[in-house]
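This report concerns only the one structure given below.
Proteins come first, then strands; the chains are lettered A, B, ... in the order of their sequence lines, and each starts at number 1.
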Amino acid sequence: MTAALALDPQRQRFYARSVLEVARDLIGVTLRHGDTAGRIVEVEAYHECEPACHAYTGPTPRTEPLFGPPGRLYVYRSYGIHSLVNFVTNVEGVGAAVLIRALEPVAGLETMRRRRGVESDRELCSGPGKLTVALGIGLELNGARVDGGALQLDPPPGSRERPSLVADGRIGITKATDLPWRFCLSESRWLSRSAPTR
DNA sequence: CATGGGATTGACT
DNA sequence: GTCAATCCCATGC
């Protein structure tokens, strides 16, 4: 795996699709940062066409990365406290991204416990603000490439069989709550909240 | 320039 | 179940 591979057009094309497709295809992929890694088990899709999306009102200084090229990160500060990480999708000029909401910890659990200040494995990455702390992802990665830079994805997304998913409404928002754009790995015990059985 | 509001979490009743 | 922390920035006067 060379640095050049990170720029592989195939890799870029993965993110240059509908945010819903990308969201579903990210479930089951392992996200690595340094010596910590977790398997993505819960995500949410956001698109500029609906009011819960930060891109809804058009580009602003904060949301500029959302409108940038696909395959980049949009990291923002929530409630003045937490860093939340998104994968930018679609094409440049369209604001759409996948919020990473929960991981199953798979490597570097001691580092995660130290960063999070908790012992329970289930508490390490079971929320969008928790997992960024556990993996050491901060605002300095805003606009950085999703893969091939500080972060690595394994296996390369889209290269494997799809696991069984459950979809329901997004969490923690007040608008467009009816859209079933939250996707969870079926029967995962690592979610931020339990998903409906389907 | 002043104000209000979060794509959350953890502590507490 | 309730609620505060905390700050960037979008919005409106």
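Nearer the 5' end of DNA chain B, as judged by each residue's closest nucleotide, is the contact made by A:T174, out of A:T174 and A:R116. Each of A:R77 and A:T57 was matched to the nucleotide of DNA chain C holding its nearest heavy atom; the match closer to the 5' end belongs to A:R77.
With rounding to whole Å, A:Y74 atom OH is found 14 Å from B:dG6 atom P. B:dT8 atom P lies 8 Å from atom CG of A:L99, rounded to whole Å. Rounding to whole angstrom units, OH of residue A:Y79 and P of C:dC9 are separated by 17 Å. Regarding A:E42, its CD atom lies at a distance of 16 Å from the P atom of B:dA7, rounded to whole Å. Distance CD (A:E50) to C1' (B:dA7): 10 Å, rounded to an integer number of Å. In this structure, NE2 of A:H54 is placed 10 Å from P of C:dA10, rounded to the nearest angstrom. What separates CG of A:L131 from P of B:dT8 is a distance of 12 Å, to the nearest Å. The CD1 atom of A:I171 sits 17 Å away from the P atom of B:dG6 (whole-angstrom rounding).
By the 6.0 Å and 45° rule, A:R170 stacks over the aromatic ring of A:Y46.
The only member of A:E48, A:R17, A:H47 that meets side chain to side chain contact (heavy atoms under 4.5 Å, CB included) when paired with A:N90 is A:H47.
The phosphate of B:dG6 has neither OP1 nor OP2 within less than 4.0 Å of any side-chain N or O from A:S78. Between A:R182 and B:dA7 there is no side-chain polar atom (N or O) within less than 4.0 angstrom of OP1 or OP2.
A heavy-atom distance below 4.5 Å is found between the side chains of A:F14 and A:L26.
Nearest nucleotide to the A:E123 side chain, out of B:dA7, B:dG10, C:dA10: B:dG10. Closest contact between the side chain of A:N86 and the listed nucleotides B:dA7, C:dT11, B:dG10 involves B:dA7. Considering only the side chain of A:I81, C:dA5 comes nearest among C:dA5, B:dG10, B:dT8. Residue A:C53 has its side chain nearest to B:dA7 when only B:dA7, C:dA10, B:dT9 are considered.
You cannot call A:Y76 stacked on the base of B:dA7; the centres under 5.5 Å and planes under 30° rule is not satisfied.
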- Would you please test A:S192 and A:E42 for side-chain hydrogen bond (donor to acceptor under 3.5 Å, both in side chains) and show each step? CA-CA 8 Å; A:S192 66; A:E42 177 183 342; 2.8 Å; yes

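A:R170 comes within 4.0 angstrom of no nucleic acid atom, judged by non-hydrogen atoms across all strands.
With both pairing distances under 3.5 Å, B:dC12 is matched to C:dG1 as a Watson-Crick or G-U wobble pair. In this entry C:dC9 has B:dG4 as its Watson-Crick or G-U wobble partner, both defining distances falling under 3.5 Å.
Contact check on A:E50 versus A:K175 returns no salt bridge, with no Lys/Arg side-chain nitrogen under 4.0 Å from an Asp/Glu carboxylate oxygen. Salt bridge annotation for A:R162-A:D25: present, with a cationic side-chain nitrogen under 4.0 angstrom from a carboxylate oxygen.
Taking atom P in both B:dG5 and C:dC3, the straight-line distance is 16 Å, to the nearest Å. If you take atom C1' in B:dA7 and the same atom in C:dG1, they sit 23 Å apart, rounded to whole Å.
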